[in-house]
Amino acid sequence: MSKPLPQSFYERDALVVAEELLGQHIHHGGVVLRITEVEAYRHPGDTANHCRMGRTKRNAPMWGPGGHAYVYLCYGMHNMLNLVTGADGEGAAVLIRACEPVSGHELILERRRSEAMRPVLLTGPGKVASALALDTSFSGHALFRPRGLLSVREGDAPSAIVRGPRVGIGYATPEHQAAPWRLAIGGSVWVSARRGLQ
DNA sequence: AACACGATGGACT
DNA sequence: GTCCATCGTGTTA
C-alpha cells in the first residue's frame with residue numbers, strides 16, 4: 001500500500017490543497033474512494049467558513065494544523081468530511097463533496113443501501129462520509145499516519161479541472177457566494193450538481 | 001432552558 | 001421543481 005500524503009501537503013492554502021486533492025484516494029473502513037469534487041473553506045475573511053465566528057467545540061479540529069479530519073453533523077443526519085489545511089491556528093479546510101469508487105464496492109453498496117454502482121451513489125458530501133463509514137467521532141483524526149485508520153494516499157491526477165461557486169452557503173456574503181472555490185474533475189460523471197461548473 | 005437553523009439527501013409532483 | 005426528516009450546535013435569555 002502506498003504511503004499517506006505527508007502532513008506538509010496539507011499545510012498550504014486551502015484552494016491549492018483542494019486542487020491537488022482531486023484524484024487522490026481516501027482509505028477507510030475497507031473502502032477506497034477517489035476524490036472527484038471538493039470545496040475550499042478559507043480563513044480569515046471567508047464568511048462561508050465554520051470558523052467565521054471563532055473557535056467552538058465543534059470546529060476545534062479545523063483550527064489545528066493541516067492534515068487532520070474535521071467531521072460534523074449537518075441537518076441532524078449527514079456527516080460531512082473535511083480535510084483541515086494550512087498552519088496551526090489558521091482555520092481552513094477542504095470539504096470532500098464527491099468521489100468515485102475504487103475498491104470495496106460491496107461495502108459501499110451496503111452502506112448506501114443501493115444495488116447499483118451509479119454516479120448518484122457518491123455525489124454529495126453526506127454520501128461520501130456514509131460510504132466511508134465516518135462520523136463525528138473521527139473529527140480530529142490525523143490523515144498522514146502510516147498505520148492510521150483514515151488516510152489519504154496518492155491516486156491518479158485528473159486530466160482536467162472545472163470550477164464554480166460553492167453549494168449551500170446562502171448565509172455568506174455575495175462576494176463569497178460567488179467565489180469559484182468548488183473544484184471538480186472535468187468530464188467525470190462522479191460529480192454532484194454540475195450547475196455553475198465550467 | 002428555549003430556540004432557530006444548517007457546507008443535505010431522498011421522496012415525490 | 002417542492003417538501004421535509006432530524007438533532008447537534010451556537011446563540012440568546
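Bear in mind the structure is a predicted one, so any value in this text is a computation, not a measurement. Letters go in sequence order (proteins before strands), and every chain restarts at 1.
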- Task: Side chain of A:Met53 only, please: which of C:dT11, B:dA7, B:dT8 is the nearest?
- Result: C:dT11
- Message: Please classify the nucleic acid contact of A:Leu95 as base, sugar-phosphate, or nothing, using heavy-atom distances under 4.0 Å.
- Response: base
- A:Arg111 CZ to B:dG9 C1', straight-line distance once rounded to whole Å: 19 Å
- Query: Between A:Arg147 and A:Ser151, do the side chains contain an N or O donor and an N or O acceptor separated by less than 3.5 Å?
  - Reply: no
- Gap between atoms CZ and P, on A:Arg58 and B:dG6 respectively (whole Å): 11 Å
- Out of B:dA7, C:dG10, B:dG10, whichever nucleotide has its closest atom nearest the side chain of A:Lys127: B:dG10
- When the distance from CD of A:Glu115 to P of B:dG10 is rounded to whole Å, what number comes out? 15 Å
- Without hydrogens or angle criteria, can the side chains of A:Glu37 and A:Ser192 be said to hold a donor-acceptor pair below 3.5 Å? yes
- Mind calculating the distance between OH (A:Tyr75) and P (C:dC3) to the nearest angstrom? 15 Å
- Euclidean distance, atom NE2 of residue A:His78 to atom C1' of C:dG8 [Å, nearest integer]: 14 Å
- Note on the structure: Looking only at C:dG10, C:dG8, B:dA7, the nucleotide nearest the A:Leu73 side chain is C:dG8
- Task: Calculate the interatomic distance between A:Arg113 atom CZ and B:dG9 atom C1'; express it in whole Å.
- Result: 13 Å
- Query: Is any side-chain N or O of A:Lys57 closer than 4.0 Å to OP1 or OP2 of C:dG8?
  - Reply: no
- How would you label the contact of A:Arg166 with the nucleic acid (heavy atoms, under 4.0 Å): base, sugar-phosphate, or nothing? nothing
- Under 4.0 Å between any heavy atoms, over every strand shown, what does A:Arg112 touch: base, sugar-phosphate, or nothing? Just pick one. sugar-phosphate
- Message: If hydrophobic clusters are built from ILVMFWY residues whose side chains come within less than 4.5 Å, do A:Val31 and A:Val102 share one?
- Response: no
- Message: Nearest heavy atom decides the nucleotide; on that basis, is A:Met77 or A:Thr136 closer to the 5' end of DNA chain C?
- Response: A:Met77
- Does a sphere of radius 6.0 Å around CD in A:Gln177 hold more than 12 heavy atoms from other residues, nucleotides or ligands, not counting ones at 6.0 Å or beyond? yes
- Task: Figure out the OH/P separation between A:Tyr171 and C:dT11, and round it to whole Å.
- Result: 13 Å
- Message: Check for me whether the distance between the ring centres of A:Tyr10 and A:His68 falls short of 6.0 Å.
- Response: no
- Message: Just the rounded figure in Å: distance from P of B:dG6 to CD of A:Gln177.
- Response: 12 Å
- Message: Mind checking if A:Met80 touches a base, just sugar-phosphate, or nothing, with heavy atoms under 4.0 Å?
- Response: sugar-phosphate
- Checking N1-N3 plus N6-O4 or O6-N4 for Watson-Crick, or N1-O2 and O6-N3 for wobble, each under 3.5 Å, the partner of B:dA4 is C:dT9
